[in-house]
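Counting starts at 1 for both ligands and their atoms, following the listed order. Small disclaimer: the values here were computed from a predicted structure and weren't measured. Nothing fancy with the numbering, it's 1 onward along the sequence.
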Amino acid sequence: MANNDQYIGTQYLLLGQTLSFTGDPFEESEPSDAVQHQSNGAVLIQNGKILDLGLDDDLIRKYPQAQRESYGQDLILSGFIDSHAHYPQTRIVSSWGKRLLDWLENYTFPEEEKFSDPVYAFEVAEEYLRTLLVNGTTTVCSFCTVHRESVEAFFEAATLTGMRVLAGKTCMDCYAPDALVDTVQSAYDDSKSLLTKWHSRGRLSYVITPRFALTSSSDQLRALGELWSEFPDCLMQTHLSEQEEEIALVKQRFPQAEDYLGVYEEAKLLRERGLYGHAIHLSIHERVRLAKAKAALIHCPTSNMFIGSGLFDLHELKTRGMNIGLATDTGGGTSFSMLRTMAACYEIGQLKGFSLHPSQLVYLATLANAKALKLDHVIGNLEVGKEADILVLNLRSTEGLASRAERAEDIWQELFPTIMMGDERAVRSLWVDGKCVKSDGHQRG
Ligand code: GUN
Ligand code: ZN
């Protein structure tokens with residue numbers, strides 16, 4: 001998107017308030033103890049990497065030749081990560097009613113049929129990724145459709161943006177229209193050839209993707225479990241225990257399984273590097289096995305409210321040491337924005353009797369998601385050596401927010417109203433892989 005030549009070798013010094021994590025705010029008795037905040041901070045980047053962090057005066061003195069980008073009182077932090085989404089549902093987001101299975105049948109499946117056309121798939125992929133950038137998201141892990149073309153289009157569009165993108169062909173061989181089903185063999189073969197082509201290519205990763213228990217036969221799940229064991233460093237993504245009607249049907253379809261999670265266990269689809277979306281209605285026994293497996297649960301709060309699925313038990317699952325990510329789940333989720341997603345996460349926390357601290361919300365949308373995606377060694381935090389995916393938030397993006405921010409006594413009071421009420425107007429600038437793709441509220445390139 002941006003002109004690449006201007007960036008090669010150039011040092012950029014971003015000046016403003018800075019926020020980075022020194023620990024896990026869920027593990028501190030005072031969550032803000034896990035955060036380093038500088039009112040007069042600076043971040044030095046070059047060739048796509050963070051080279052130095054510190055106080056503005058110190059870094060200006062140390063790097064007099066660096067090109068300065070002054071963001072005043074705005075907050076510089078790591079770019080948002082969205083750990084569960086469906087890019088093919090971009091054009092059906094916020095479709096009315098009723099429950100998960102009706103919603104899949106009436107809106108999702110008819111739209112997903114269109115992705116056999118590579119031109120359509122590429123057009124939506126570009127539109128979707130552009131929307132993410134406008135909202136400050138620099139990494140996404142998305143489902144595609146059953147069609148190979150939908151995966152090729154998504155990775156091709158992602159390459160043009162420079163974003164870190166994880167995705168996979170959605171496998172389903174039953175409980176879907178004829179135009180949307182594959183077979184045991186074609187799911188395995190197509191996933192394997194797409195994985196071989198795209199996994200670890202630049203900033204892209206392939207994710208093995210059985211949609212959920214209801215749309216795969218036991219044989220297909222087992223074939224994908226087999227594929228996962230052939231490529232153990234890959235991630236696997238699916239859905240788990242989202243709605244009660246779905247869980248009842250899973251029980252009917254897989255009577256031999258101990259429970260919903262047991263369906264995946266039997267197919268060797270439960271282990272570390274597995275991403276399980278929603279995970280709302282879990283028995284204690286399932287929680288224990290998920291924690292033991294070091295699986296990652298992905299909380300999708302706007303979707304869970306919109307489809308009426310239930311309230312994710314974040315606090316209880318965190319106390320078990322569970323690895324938890326936060327995601328939009330568009331188009332079941334009603335927003336592309338991780339700000340809106342954090343707000344919904346806070347609201348569900350309130351309904352469960354647990355008030356999440358702003359540092360915990362930001363952590364979920366950045367470093368916790370990087371950990372869930374096994375990418376925390378390269379992204380998710382402002383840290384020397386990490387990739388320069390950097391978001392600059394204007395905490396005064398509307399009159400109401402400016403008025404709140406002016407009365408704030410610390411960074412948390414200043415930031416929290418933007419988490420709750422902010423939108424793409426709060427995203428002043430965005431740097432992806434060390435290149436500025438949104439500047440002063442306008443998309444570049
Ligand atoms: N379960 C299986 N497929 C889907 C989907 O596309 N969205 C949501 N929210 N849940 C699912
Ligand atoms: Zn989903």
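- Asp329 has its closest N, O or S atom to the Zn ion (ligand 2) at the position named OD1.
- Separating the CD1 atom in Ile348 from the NE2 atom in His299 is a distance of 4.5 Å, to the nearest 0.5 Å.
- When distances from the Zn ion (ligand 2) to the N, O or S atoms of His86 are compared, NE2 comes out shortest.
- Ligand 1 places these atoms under 4.0 Å from at least one heavy atom of His278: 9 (N).
- For Glu266 and Arg222, the salt-bridge test fails: no basic side-chain N is under 4.0 Å from an acidic carboxylate O.
- For Glu105 and Arg99, the salt-bridge test fails: no basic side-chain N is under 4.0 Å from an acidic carboxylate O.
- Near His86, the atoms of ligand 1 lying under 4.0 angstrom from a non-hydrogen atom of the residue are 5 (C), 6 (O), 7 (N).
- The side chain of Asp329, and not its backbone, has at least one atom closer than 4.0 Å to an atom of ligand 1 (non-hydrogen atoms only; side chain from C-beta on).
- Residue Phe143 places no heavy atom under 4.0 Å from ligand 1.
- Figure legend: Arg273 and Trp228 shown without cation-pi pairing, the cationic atom not lying both under 6.0 angstrom from the six-membered ring centre and within 45 degrees of its axis.
- The Leu100 neighbourhood of ligand 1 comprises atoms 8 (C), 10 (N), 11 (C), with distances under 4.0 Å to a heavy atom of that residue.
- The pair Lys352-Glu316 does not count as a salt bridge, with every side-chain nitrogen at least 4.0 angstrom from each carboxylate oxygen.
- The distance from ligand 1 to the heavy atoms of Leu104 drops below 4.0 Å at these ligand atoms: 3 (N), 4 (C), 5 (C), 6 (O).
- Ligand 1 has an N or O atom lying under 3.5 Å from an N or O atom of Arg211, backbone or side chain.
- Other residues, nucleotides and ligands place no more than 12 heavy atoms under 6.0 Å from the CZ atom of Arg404.
- Interface atoms of ligand 1 facing Trp103, defined by a heavy-atom separation under 4.0 Å, are 7 (N).
- The residues Arg148 and Glu152 are annotated as salt-bridged, a charged nitrogen and a carboxylate oxygen being separated by less than 4.0 angstrom.
- The shortest heavy-atom distance from Glu246 to ligand 1 is not under 4.0 Å.
- Within the 2.8 Å limit, Cys300 places no N, O or S atom next to the Zn ion (ligand 2).
- At a threshold of 4.0 Å, the pair Arg289-Glu265 counts as salt-bridged, since one of the basic side-chain nitrogens sits closer than that to a carboxylate oxygen.
- Annotation for ligand 1: atoms under 4.0 Å from non-hydrogen atoms of Glu242 are 1 (N), 8 (C), 9 (N), 10 (N), 11 (C).
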